[in-house]
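In listed order, ligands and their atoms are each counted from 1. All heavy atoms count here, side chains included; hydrogens, waters and symmetry mates do not.
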Amino acid sequence: MTGSGPYEAVVFDLDGVICHTDHYHYLGWKSVADDLGVPFDETVNNRLRGVSRMESLEIMLEPYEGEPLSDDRKLELATIKNDRYRVMLGDMSPADLDPSVRTTLDDLRARGLRLAIGSSSKNAKYILERIGLGGYFDAISDGTNISRSKPDPEVFLKAAEYLGIDPAKCVVVEDAVAGIDAGEAAGMYTVSIGDAADQGAGDAKLGTFADLSKVLTDLGA
Ligand code: BG6
Ligand code: MG
C-alpha cells in the first residue's frame, strides 16, 4: 500500500472521474480514426486514459497503414480532434455534474480535507468551468504545467506541491491504470474507479464515486 496517512488531501483525476468527458475523448478520436480508415474502439480508448494528447494520437495511429505522416500532419490531426472535442465540451453545463459527485466532494471538504485536480488534460480548467466547478478546488495541476504525463508522477507531485502537502498524506482517485501507476509512483494512496477498478488496480476500488466517502472514513480521514 502506498501513502501513510493521516490523509490531508484528495487529488482527483478529471476525465472519467469527476465527469464523463472520457466518452467525448472517445468520440473525438473515433471521428479522426474514421477519417483515416483506422480501426478504433473502446478497448483502444482505454489505453488513452491519462496519457497526453500527442501520445494518444500515436496509440490511435498504431494500425495506420497509409503514407507516412509528417510531424506537422500529426499536429494537425491532434488539433482536429481537439477542436471536435471542444465543441462537445461547449455543450456541457452544470447539469453534467452528477449530484452525488458534488455531494461527495462537499462531504470531504467538510471533513477538512484539501481537494485538488491532477489531470493530464490541457482542457481541465475549461471543463471545470463548464460543469460549475471553476474555483472549487484548492489546487489544479493539469496538462499545462507538466512535461511528462501519467504514469509519470509529475502531475500528482505538482498537485501536492501546490497544496503544500506531503505526497504521502494524499489520496489519488483515478479511472486510468496509468494514473494509478502515477499515484503509486508519487507515494500516494490510490483509489480506482471505472476502467482502472475493472482491471483490479489501486489500493481501494470504487463501485460508484459516492463510495469514496466510506473509503476515506475507513482510512480515518
Ligand atoms: C486525460 C485523458 O485526462 O487528458 C486522456 O484521460 C487525454 O485521454 C489527456 O489524452 C489529454 O487531454 P487534452 O484535453 O489535453 O487533449
Ligand atoms: Mg481519467
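Listed for the D218 side chain is no donor-acceptor partner under 3.5 Å among the backbone atoms of V215. For the pair R109 (side chain) and L115 (backbone), a donor-acceptor distance under 3.5 Å is absent. When atom types are taken as modelled, the side chain of D203 and the backbone of T190 share a donor-acceptor pair closer than 3.5 angstrom. Between the side chain of N82 and the backbone N or O of Y85 there is no donor-acceptor pair closer than 3.5 Å. Under the 3.5 Å distance criterion, the side-chain polar atoms of S141 are left unmatched by any main-chain donor or acceptor of F156.
Here the N, O or S atom of D175 that is nearest to the Mg ion (ligand 2) is OD1. D13 contributes atom OD2 as its closest N/O/S atom to the Mg ion (ligand 2).
Of the charged side-chain nitrogens involved, none lies within less than 4.0 Å of a carboxylate oxygen, so that E67 and R73 do not count as a salt-bridged pair.
In summary, an N, O or S atom of D15 is located under 2.8 Å from the Mg ion (ligand 2).
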Tabulation required: pairs of a nitrogen or oxygen in ligand 1 and a protein nitrogen or oxygen under 3.5 Å; columns are atom names and distance to 0.1 Å; otherwise 'none'.
{"unit_1": "ligand 1", "atom_1": "3 (O)", "unit_2": "D15", "atom_2": "OD2", "d": "2.6"}
{"unit_1": "ligand 1", "atom_1": "6 (O)", "unit_2": "G50", "atom_2": "N", "d": "2.8"}
{"unit_1": "ligand 1", "atom_1": "8 (O)", "unit_2": "L48", "atom_2": "O", "d": "2.8"}
{"unit_1": "ligand 1", "atom_1": "10 (O)", "unit_2": "V51", "atom_2": "O", "d": "2.7"}
{"unit_1": "ligand 1", "atom_1": "10 (O)", "unit_2": "S56", "atom_2": "OG", "d": "3.1"}
{"unit_1": "ligand 1", "atom_1": "14 (O)", "unit_2": "S121", "atom_2": "OG", "d": "2.6"}
{"unit_1": "ligand 1", "atom_1": "14 (O)", "unit_2": "N123", "atom_2": "ND2", "d": "2.7"}
{"unit_1": "ligand 1", "atom_1": "15 (O)", "unit_2": "R53", "atom_2": "NH2", "d": "3.1"}
{"unit_1": "ligand 1", "atom_1": "15 (O)", "unit_2": "K122", "atom_2": "N", "d": "2.7"}
{"unit_1": "ligand 1", "atom_1": "16 (O)", "unit_2": "R53", "atom_2": "NE", "d": "2.7"}
{"unit_1": "ligand 1", "atom_1": "16 (O)", "unit_2": "R53", "atom_2": "NH2", "d": "3.4"}

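Residues I117 and V10 fall within the same hydrophobic cluster, defined by Ile, Leu, Val, Met, Phe, Trp and Tyr side chains chained together at heavy-atom separations under 4.5 Å.
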